[in-house]
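Just so you know, these numbers use all the heavy atoms, side chains as well, and skip hydrogens, waters and symmetry mates. Numbered from 1 within each chain, the chains take letters A, B, ... in sequence-line order.
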Amino acid sequence: MLMTTPKLICLRIFNLTVGRYHFFAMILRKFLLKMLISGKKEKYVACSKYFDWNDLNRF
Amino acid sequence: MNESNTRNMDNSKLIVLNVVPRILGFLDRNPDSKTYGCFERYYWHYKLLDFPNSRFQEGALLLALLFKNKFDGNLFFNKESIYRWCIAAIKYWAKSRNKKGSTNELYPHENSFCATAMSAYAISEALLILEENSLIDIEKTGVWLAKNSNLEVSNQEAGASIALLNIYLITGKKYFLEASENKLQRIIKYQDESGFYPEYDGYDIGYQSLTLGLLSKYYKKRESNQLFNSIKKGIQFIERYIDDNGYYDNSSASRNTQFLYPYCFSIFGSPVLNKISEGLRKNKIINPVWLDDRYVIPLTIDYLQTYLVLFDKKC
């Protein structure tokens, strides 16, 4: 799932309004965890997918 | 000192010294700028982002280490500019926190536990190195860390634990020491029998090395048999996976990381350190030079801290 402009605008509106409050900030966090990490076969991990020499042998 | 330790030292040192000028380029070094001290170049220079990621401010610790430690090739030792930039970076971190002391990494008002823990460790460590305990109000971040946790992710809890220990050392307030010890006890309690610290219900070698590095830093400040045994068990877990070039297969790990933070192996004399050195010599394994802007700073700091441990042993 990639970021798009409409999604970013919605996220920012949320961040700057109800997202300032702990309860809603936690809802967003749980939502993002569910979308990106929990139960996902391929979890989102920011610090990954760097170059590996084995990548050269793929083709 | 044997030949392989000499090699280990030179590899880490060369990598760090090569990367430092790039990291300094991330920093707004103009004292007249509103963002003086900000390390997030995409924010203050490119103006592509609407807020800075607080994790970039960990660069303050790199500057403090370079300023304070004299070693061959370190042109940054005792330089007034490095000192001033470090202070500016610390102040910028303090200024850009949320009201309750937490910080943001991905979006405004995120209150990120990870970013708060890791950046608070780096900032507090920089304050201790420079002996500038009163420079900023770090207590409110300590209170926030004490009240929050992320038990699913051991590396973040370890970061919070050492940050709280540092905040205790800065403020002298026992509340932070107790909070630090509570987090440490939970980390040890949830360590798996096989030795790994859970990362979203599984093991991950890269994050295991990061957790072990943070716990080793804790151990250096406050030794205990319980912590020693936990770290040893954690290192033995990793040792099973690392080949002779410091490489490991990450395909079955919970988070698929590729890096190794070498600090813990230097403190506890693990053979993994020689393997990492061999991998660096052959340019086979991920290291700070390979990393993107977002993650180069913490790994560079760990490499420098590793070098300084080995340098001290030599001396």
Side-chain angles (χ1 to χ4, degrees), chain A, chain B residues 49-51 53 55 98-100 102 104-115 118 144 147-148 150 152-153 155 199-202 204-207 210 245 247-251 253-259 261 279 282-292 294-299:
Chain A
M1 184 183 72
L2 295 175
M3 180 56 84
T4 62
T5 305
K7 280 182 198 165
L8 185 56
I9 290 171
C10 288
L11 176 62
R12 282 296 180 266
I13 290 173
F14 184 93
N15 293 149
L16 298 176
T17 55
V18 296
R20 290 172 181 266
Y21 303 103
H22 180 77
F23 176 74
F24 293 101
M26 286 297 108
I27 289 178
L28 174 62
R29 185 172 178 273
K30 284 185 177 155
F31 172 74
L32 289 171
L33 270 174
K34 196 171 174 196
M35 289 289 295
L36 299 171
I37 297 175
S38 306
K40 288 270 185 284
K41 200 178 161 193
E42 198 179 319
K43 294 178 173 50
Y44 168 75
V45 181
C47 195
S48 66
K49 299 191 176 162
Y50 296 104
F51 176 70
D52 184 309
W53 285 108
N54 288 329
D55 292 346
L56 288 179
N57 301 326
R58 273 200 203 156
F59 307 106
Chain B
L49 299 176
D50 52 336
F51 77 99
N53 173 354
R55 291 215 58 187
N98 298 313
K99 267 196 203 148
K100 292 193 174 172
S102 64
N104 307 316
E105 181 179 8
L106 299 174
Y107 49 83
H109 307 294
E110 181 193 358
N111 303 303
S112 165
F113 183 78
C114 174
M118 298 305 185
W144 190 91
K147 290 180 178 174
N148 288 273
N150 193 357
E152 292 179 290
V153 189
N155 75 84
E199 295 284 332
Y200 289 118
D201 294 329
D204 184 272
I205 303 296
Y207 279 120
L210 172 56
N245 291 318
Y247 181 83
Y248 60 91
D249 177 6
N250 67 348
S251 54
S254 66
R255 305 195 75 191
N256 304 123
T257 53
Q258 297 155 266
F259 52 75
Y261 277 65
K282 293 176 180 172
N283 199 26
K284 286 269 192 187
I285 56 170
I286 198 165
N287 63 80
V289 174
W290 291 23
L291 280 184
D292 54 18
R294 192 161 160 210
Y295 287 101
V296 64
I297 294 175
L299 190 59

*Mind listing the closest non-hydrogen atom pair of Ser48(A) and Gln258(B) along with its distance?*
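Closest approach of Ser48(A) to Gln258(B), heavy atoms only: C-OE1, 3.7 Å.
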For [X], is it the side chain, the backbone, both, or neither that has a heavy atom closer than 4.5 Å to a heavy atom of chain A?
{"X": "Asn283(B)", "value": "both"}
{"X": "Phe113(B)", "value": "neither"}
{"X": "Ser112(B)", "value": "neither"}
{"X": "Asp292(B)", "value": "both"}

Is there a side-chain contact between [X] and [Y] in this structure, where contact means two heavy atoms from C-beta onward sitting under 4.5 Å apart?
{"X": "Arg20(A)", "Y": "Asn111(B)", "result": "no"}
{"X": "Tyr50(A)", "Y": "Tyr295(B)", "result": "yes"}
{"X": "Cys47(A)", "Y": "Tyr207(B)", "result": "yes"}
{"X": "Asn15(A)", "Y": "Phe51(B)", "result": "no"}

*Take the angle between the ring planes of Phe51(A) and Trp290(B) and call it parallel below 30°, perpendicular above 60°, tilted in between.*
tilted
*Go through the atoms of Leu33(A) and report whether side chain, backbone, both or neither lie under 4.5 Å from a heavy atom of chain B.*
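The side chain, not the backbone.
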*Quick check: are there more than 12 heavy atoms from other residues, nucleotides or ligands sitting under 6.0 Å from NZ of Lys100(B)?*
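Open: at most 12 neighbouring heavy atoms sit under 6.0 Å from NZ of Lys100(B).
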*Kindly check if the number of other-residue, nucleotide or ligand heavy atoms within 6.0 Å of NZ (Lys282(B)) is above 12?*
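Above 12, so yes.
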Enter the distance from [X]:[atom1] to [Y]:[atom2] here, rounded to the nearest 0.5 Å.
{"X": "Asp52(A)", "Y": "Ile286(B)", "atom1": "CG", "atom2": "CD1", "result": "8.5 Å"}
{"X": "Tyr200(B)", "Y": "Ile37(A)", "atom1": "OH", "atom2": "CD1", "result": "4.0 Å"}
{"X": "Leu106(B)", "Y": "Arg29(A)", "atom1": "CG", "atom2": "CZ", "result": "10.5 Å"}

*Would you please test Asn54(A) and Tyr247(B) for side chain to side chain contact (heavy atoms under 4.5 Å, CB included) and show each step?*
CA-CA 11 Å; Asn54(A) 288 329; Tyr247(B) 181 83; 2.8 Å; yes
_Evaluation steps, side chain to side chain contact (heavy atoms under 4.5 Å, CB included), between Tyr21(A) and His109(B)_ = CA-CA 8 Å; Tyr21(A) 303 103; His109(B) 307 294; over 6 Å; no
_I need the residue from Arg294(B), Glu110(B), Arg255(B) with the largest number of non-hydrogen atom pairs under 4.5 Å to chain A._
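If we count pairs closer than 4.5 Å to chain A, Arg255(B) comes out on top.
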